[in-house]
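Report on the structure given below.
Only this structure's heavy atoms are used, side chains among them; waters, hydrogens and symmetry mates stay out.
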Amino acid sequence: MSHTSAALSAFRRQALAYRYDFNINSNVQIISEIYRKLASHIDSSDDAWRTTTRAIAHYLAHLKLRPTWSKWLFEIPAIPALPVLLIYLWSKGLFNSQAPKQTTYGIKLVFSERFKTNPEIFSLPAELTRRDVATRMLGNGTLYGRDVIHILKLLSNSIRMKIPFPIQLVLKCAIDLSKVRGALDNSAPEWVAVYWEFNCAITFIAAVLKKDGIATYNIMHGDKGFFAKHAFFEVTRCYCWHQYYIDLFQKEYVRSDFRVFENPAFHLNPSELALANEWPQAGVGLVTPALATLSAKSRKAKSIMIKLAKTCNTIAEKYDVSVRPHPLYWEDFRHLRPLLSRQVKITAIDCEKPRTFILRNAILVGTNSTMLLEAAHIGKKVIILDTPAIEEIKLMHYIYSQPNVFICKINDLEKTIALALAQQISLRFLQAKKNDTDLNSSRVERPSVHIS
């Protein structure tokens with residue numbers, strides 16, 4: 001990712017100012033309040049009205065996670081931008097609308113920069129790969145006349161329902177739909193695969209594509225907790241890594257044909273197994289925690305990060321410690337890096353693939369992380385830091401019950417590393433034949449989330 005695009009992306013995330021609160025009760029409250037107001041329409045048998053309401057409900061959940069100043073910051077410029085953008089994108093679509101459509105099986109839609117950095121996260125379920133699937137980048141946009149009509153209807157319904165800050169919702173739906181149209185480039189696939197459960201435009205886009213005879217399949221691509229940001233959406237199919245996530249989405253009132261699929265990253269291929277056996281298997285890899293996974297309170301999260309850095313410095317005196325930042329959250333890594341000693345190695349994300357980082361370390365340490373989830377599935381020893389932000393998640397998530405997963409406070413990290421290194425767990429133990437405890441299909445009993 002270029003420095004300019006990375007800076008713009010970071011600025012946009014900071015301006016949206018989402019509060020990543022992992023407290024289940026606060027997310028239940030947000031979802032319950034929205035559902036009580038819109039329940040009759042969210043579950044309507046009228047496809048058009050139901051999908052419109054679900055798109056709005058998803059957006060309202062997003063608004064609840066943002067401060068007021070952020071909402072106004074985006075709403076005010078969105079008002080003049082919307083008509084200008086619609087006219088511009090529609091004029092571009094005039095040149096494409098008459099082009100012949102090419103029928104294809106399926107198209108995987110990916111973000112260009114992220115696909116270059118982490119192509120492995122854009123996986124496809126095996127049942128979708130029986131025929132060739134094209135991969136298209138989401139980028140330059142275009143809209144057809146019928147798209148503009150759908151967008152204006154969404155605007156009208158949002159205003160009629162007295163939705164707060166409606167213009168930025170409509171603008172986002174227009175921009176994201178235009179990116180999909182541009183990526184399809186006059187193709188007429190049976191389906192498109194997206195990785196957008198967090199995107200409040202996904203329901204609107206799926207509804208528009210359905211009118212063109214195109215199904216929308218959302219593919220899970222990252223670990224999930226109970227979070228209002230991905231509530232209420234509707235797609236044709238939703239593929240998940242485990243029944244746990246299906247249960248999670250259903251409790252958030254997501255509507256879809258849910259299907260479990262095997263994430264390829266949850267298995268070692270023969271070459272990876274050979275490499276893993278060749279490495280010394282003595283290193284400790286820290287996957288930099290996001291501040292939100294340390295504490296919902298920013299000041300406390302930063303103090304916990306300082307404590308973690310000091311602990312890593314101490315551990316690095318005995319073990320080979322390396323730290324990997326998340327490619328999208330450099331601002332969180334800024335709080336950790338200056339505090340680390342020279343003995344702690346910083347892994348450059350453009351020099352080492354995340355999979356290599358997992359394989360070459362004996363132990364992976366962090367908080368809620370897709371990398372830790374992958375590591376646990378392939379049999380690596382994983383230590384999840386017990387922080388105030390994950391108190392409820394650890395009671396629900398299936399991965400915490402696995403024999404190679406440890407949970408500890410930062411104060412006990414060095415002792416837990418020694419314990420984990422002494423434990424004898426084969427890298428092959430999760431590669432065995434499926435049985436009653438299979439990670440992909442078993443239901444793990446956890447306290448349920450109740451939404452009144």
Are the side chains of Ile167 and Leu155 in touch, meaning some heavy atoms are under 4.5 Å apart?
-> yes

Lys211 side chain near His150 side chain, heavy-atom distance below 4.5 Å = yes

Does NZ or CZ of Arg114 come closer than 6.0 Å to the centre of the six-membered ring of Phe122, within 45° of the ring's axis?
-> no

Any sub-3.5 Å donor-acceptor pair from Ser70's side-chain atoms to Ala15's backbone N or O?
-> yes

Do Ser158 side-chain atoms and Leu154 backbone N/O form a donor-acceptor pair below 3.5 Å?
-> yes

Backbone N/O of Trp196 and side chain of Asn199: donor-acceptor pair under 3.5 Å = no

Thr52 side chain vs Ala48 backbone, donor-acceptor pair below 3.5 Å = yes

For the side chain of Glu392 and the backbone of Ile24, is there at least one donor-acceptor N/O pair under 3.5 Å apart?
-> yes

Would you say the side chain of Cys238 lies within less than 4.5 Å of the side chain of Phe249, judging by non-hydrogen atoms?
-> yes

Side-chain touch Lys300/Ile304, heavy atoms, less than 4.5 angstrom | yes

Might you confirm whether atom NZ of Lys153 has over 12 heavy atoms from other residues, nucleotides or ligands at distances under 6.0 Å?
-> no

Before accepting this row, confirm whether a basic side-chain N of the pair Glu374/Lys380 lies closer than 4.0 Å to the acidic partner's carboxylate O.
-> no

Identified side chain to side chain contact (heavy atoms under 4.5 Å, CB included) counterpart of Tyr239 within the set Asp257, Val260, Ile246, Leu128 = Leu128

Is a side-chain N or O of Ser178 found less than 3.5 angstrom from the main chain of Gly141, in a donor-acceptor match?
-> no

Given the rule in the ring-ring contact (aromatic ring centres under 6.0 Å, His included) test, do His377 and Phe266 qualify, once you have shown the distances and angles that lead to the verdict?
-> CA-CA 5 Å; His377 270 277; Phe266 288 174; 3.7 Å; yes

Are Trp72 and Phe165 an aromatic pair by the rule of ring centers under 6.0 Å?
-> yes

Do Arg54 and Phe204 touch side chain to side chain, with heavy atoms closer than 4.5 Å?
-> no

Expected output: side-chain Glu234 to main-chain Val254 donor-acceptor under 3.5 Å | no

For ring-ring contact (aromatic ring centres under 6.0 Å, His included), just list the numbers for His62 and Phe198, CA-CA rounded to whole Å, side-chain angles, deciding distance to a tenth of an Å, and then say yes or no.
-> CA-CA 9 Å; His62 278 229; Phe198 58 87; 8.3 Å; no

The residue among Leu209, Thr236, Asn218, Ile205 that forms side chain to side chain contact (heavy atoms under 4.5 Å, CB included) with Val192 is Leu209

Criterion side chain to side chain contact (heavy atoms under 4.5 Å, CB included) on Ile107 and Trp191, from CA distance to verdict | CA-CA 7 Å; Ile107 293 178; Trp191 53 266; over 6 Å; no

Show your reasoning for whether side chain to side chain contact (heavy atoms under 4.5 Å, CB included) applies to Arg259 and Glu127.
-> CA-CA 11 Å; Arg259 304 188 182 193; Glu127 70 179 37; 2.7 Å; yes

Can we say Lys353 and Glu120 salt-bridge, meaning some charged N sits less than 4.0 Å from an Asp/Glu carboxylate O?
-> no

With no hydrogens and no angle check, is any side-chain donor or acceptor of Glu262 less than 3.5 Å from a backbone partner on Pro125?
-> no

Would you say the side-chain atoms of Ser322 and Arg360 include a donor-acceptor pair closer than 3.5 Å?
-> yes

Going by an N to O cut-off under 4.0 Å, is there a salt bridge joining Arg181 and Asp212?
-> yes

How long is the gap from NZ on Lys394 to OG on Ser401, to the nearest 0.5 Å?
-> 14.5 Å

Salt-bridged, Glu252 to Lys224, with N to O below 4.0 Å?
-> no

Are Asp176 and Lys172 close enough for a salt bridge, meaning some N to O gap below 4.0 Å?
-> yes

Salt-bridge criterion met for Asp43 and Arg50 (N-O under 4.0 Å) | no

Check the pair His267, Glu272 against side chain to side chain contact (heavy atoms under 4.5 Å, CB included), reporting the backbone distance first and the verdict last.
-> CA-CA 9 Å; His267 300 274; Glu272 288 177 334; over 6 Å; no

